[in-house]
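In what follows, every chain begins at residue 1, and chains take the letters A, B, ... in the order their sequences are listed.
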Amino acid sequence: MGMRRRDLSKVFSYELECLPPYSFDLTVNKRTRFGVNWYWITPYEKYYKGVMWSGIRLHNDKPVGLKVKATGSLQKPKVLLEVFSEASFSNREEKEIVEIVDRCLGLKDDITSFYMFAEGFPYLKQSVEDLYGMRVCSFPDLFSAVILAITLQMASYGRTERMIKLLYRNYGEKIMFDDVEVTVCPSPTRIADVSEEELKSECNLGYRTTFIKACAEAIVSQKAPTIKELADMKAEEAKRVLMSLKGIGEYSAEVITPHTSFPVDVWSVKIFCQLFKIKIDRSLRAMIPIVKRCASEKFGRWQKYVYTYIINDLDKLSEKFKLDI
DNA sequence: GCGTCCAGGTCTACC
DNA sequence: GGTAGACCTGGACGC
């Protein structure tokens with residue numbers, strides 16, 4: 001395979017505005033699932049002393065290095081972004097990069113309204129206290145979202161992480177900037193060019209291989225929308241379009257969509273039934289639509305925030321609310 | 001140790 | 001318009 005490494009240099013910096021309260025640390029360094037840290041943009045990014053080095057791809061697949069840090073305080077937050085690349089950017093590209101980072105950091109989310117809403121639910125009140133300032137992160141592009149959604153299917157946390165890391169290691173790209181090395185997401189073009197046999201054996205993807213490849217091809221041939229296009233659609237429309245991709249069912253569409261959603265699976269449905277006091281009177285899989293309906297009625301536009309705050313606070317919630325996980 | 005079972009979802013093929 | 005059964009890999013469990 002022999003991954004070439006690109007050396008990038010600084011092109012521009014930008015100060016992003018964000019609505020308080022904002023915790024950069026809790027947002028980019030989510031400690032989900034009992035001490036396990038989840039990545040912000042790539043599993044190979046570096047986070048050290050409040051500074052994040054990560055990388056995205058632009059529309060033309062060109063890798064871009066990001067150095068992001070928060071200055072100021074929870075109540076007077078500022079985010080400083082430095083951008084690295086092999087070549088300079090057009091104004092439009094600069095704008096695209098800033099928009100992606102803004103969205104991935106959830107900077108413009110009206111979190112104060114969510115916190116007021118959360119007052120009405122004891123478990124949310126607790127989570128807000130525990131994770132004060134945390135935002136929901138969006139995805140930089142459709143393909144990285146698709147990779148996560150598909151590798152989450154029918155797999156333990158360990159297996160998901162292994163598949164993702166193999167995909168990034170084998171087919172992603174190494175970039176070096178600010179003396180830090182980061183591996184970015186594979187481009188859909190690269191994955192579309194790899195044979196199914198190779199992809200399957202190199203990344204242990206199992207039957208998910210076909211799904212990943214079909215999605216990569218749909219993106220390359222522009223049959224799939226961009227994240228931005230999905231965001232501009234109505235929520236139901238975005239979900240419908242996502243579900244028309246091979247390997248993307250309801251759960252994956254809800255993981256990927258930039259709109260609010262509640263991506264319950266057979267593992268998390270048990271937790272939500274306990275918190276929402278829903279009686280488990282059938283198989284866990286059959287409980288999923290019931291829990292989803294309940295979440296939609298109770299939480300409306302805050303569903304994704306509710307989901308993320310609960311899932312990221314299970315250590316404390318399970319203790320306090322005696323959850324059987 | 002070695003087989004067997006089945007999972008944190010989706011598709012296909014049947015009603 | 002709804003649902004059983006197959007599907008990769010690999011961890012859990014029975015012997």
Side-chain angles (χ1 to χ4, degrees), chain A residues 30-39 43 139 142-143 145-171 191 194-219 223-224 236 238-257 261-276 278 280-295 303-304 306-308 310-315 317-318 323-325:
Chain A
K30 292 196 167 72
R31 286 162 282 257
T32 56
R33 302 165 199 227
F34 305 100
V36 175
N37 285 33
W38 200 249
Y39 64 87
F139 296 96
L142 182 63
F143 196 49
V146 160
I147 288 178
L148 175 63
I150 293 178
T151 55
L152 280 170
Q153 295 171 10
M154 292 298 282
S156 63
Y157 162 76
R159 175 132 196 243
T160 298
E161 192 186 34
R162 228 171 303 140
M163 289 187 282
I164 293 180
K165 284 190 164 177
L166 285 167
L167 269 166
Y168 279 62
R169 261 291 176 240
N170 290 327
Y171 304 108
I191 296 300
V194 180
S195 73
E196 283 213 19
E197 298 73 40
E198 185 191 316
L199 199 57
K200 189 169 174 176
S201 62
E202 290 295 324
C203 304
N204 287 343
L205 291 169
Y207 65 83
R208 302 165 196 80
T209 311
T210 331
F211 296 170
I212 299 254
K213 227 176 124 55
C215 287
E217 282 158 8
I219 293 169
K223 284 181 188 127
E236 310 78 60
K239 198 166 156 184
R240 195 187 58 74
V241 170
L242 284 170
M243 286 176 70
S244 72
L245 296 170
K246 191 176 166 71
I248 306 300
E250 183 167 26
Y251 168 75
S252 298
E254 299 221 343
V255 170
I256 297 167
T257 186
S261 65
F262 206 76
V264 192
D265 54 28
V266 168
W267 177 81
S268 56
V269 78
K270 230 174 114 180
I271 295 158
F272 294 119
C273 281
Q274 293 173 70
L275 283 175
F276 305 163
I278 298 173
I280 301 174
D281 58 358
R282 55 199 81 185
S283 76
L284 287 174
R285 197 168 287 283
M287 290 306 295
I288 291 175
I290 298 171
V291 167
K292 284 174 62 62
R293 202 171 318 124
C294 170
Q303 283 177 79
K304 201 157 213 159
V306 172
Y307 181 90
T308 307
I310 291 174
I311 290 294
N312 284 282
D313 197 32
L314 286 180
D315 280 334
L317 289 181
S318 63
L323 301 180
D324 167 30
I325 297 177

Electrostatic pair A/Lys223:A/Glu217 at N-O distance under 4.0 angstrom: no
Contacting residues from residues 206-218 of chain A, given that a heavy atom lies under 4.0 angstrom of DNA chain C: A/Gly206, A/Tyr207, A/Arg208
side-chain N/O [X] vs [N] OP1/OP2, d < 4.0 Å:
X: A/Ser156; N: C/dG10; answer: no
X: A/Asn204; N: C/dC8; answer: no
X: A/Lys200; N: C/dC7; answer: no

Name the atoms and distances for all side-chain donor-acceptor pairs under 3.5 Å in residues 242-250 of chain A, with sequence neighbours left out.
residue  : atom : partner  : partner atom : Å
A/Ser244 : OG   : A/Val241 : O            : 2.6
A/Glu250 : OE2  : A/Lys239 : NZ           : 2.9

Nearest-angstrom distance, P atom, C/dC8 to B/dA13: 15 Å
Partner set under side-chain hydrogen bond (donor to acceptor under 3.5 Å, both in side chains) for A/Thr308, not counting sequence neighbours: none
Which nucleotide in B/dG9, C/dT9, B/dC11 has an atom nearest any side-chain atom of A/Val266: B/dG9
Out of C/dG11, B/dC11, C/dC8, whichever nucleotide has its closest atom nearest the side chain of A/Arg159: C/dC8
Sugar-phosphate only, base, or nothing, as touched by A/Thr160 at under 4.0 Å among non-hydrogen atoms: nothing
Touch class at under 4.0 angstrom, heavy-atom based, for A/Leu245 against every strand present: sugar-phosphate
A/Phe272 and A/Phe262 aromatic ring geometry - parallel, tilted or perpendicular at 30°/60° bounds: tilted
Pair A/Tyr157 and A/Trp38, ring centroids less than 6.0 Å apart: yes
DNA chain B contacts among residues 280-288 of chain A, heavy-atom distance under 4.0 Å: A/Arg285
Atom-pair distance (CD1 on A/Ile150; P on C/dC8), nearest Å: 14 Å
Side-chain donor-acceptor contact under 3.5 Å, A/Gln303 with A/Ser261: no
Between A/Tyr39 and A/Glu161: side-chain donor-acceptor atoms closer than 3.5 Å: no
Stems formed with participation of DNA chain B [Watson-Crick or G-U wobble, under 3.5 Å, three or more pairs]: B:1-7 with C:9-15, B:9-15 with C:1-7
5'-most by nearest nucleotide on DNA chain C - A/Met154 or A/Arg162: A/Met154
With A/Arg293 via side-chain contact (heavy atoms from CB on, under 4.5 Å) - residues at least two apart: A/Pro289, A/Glu297
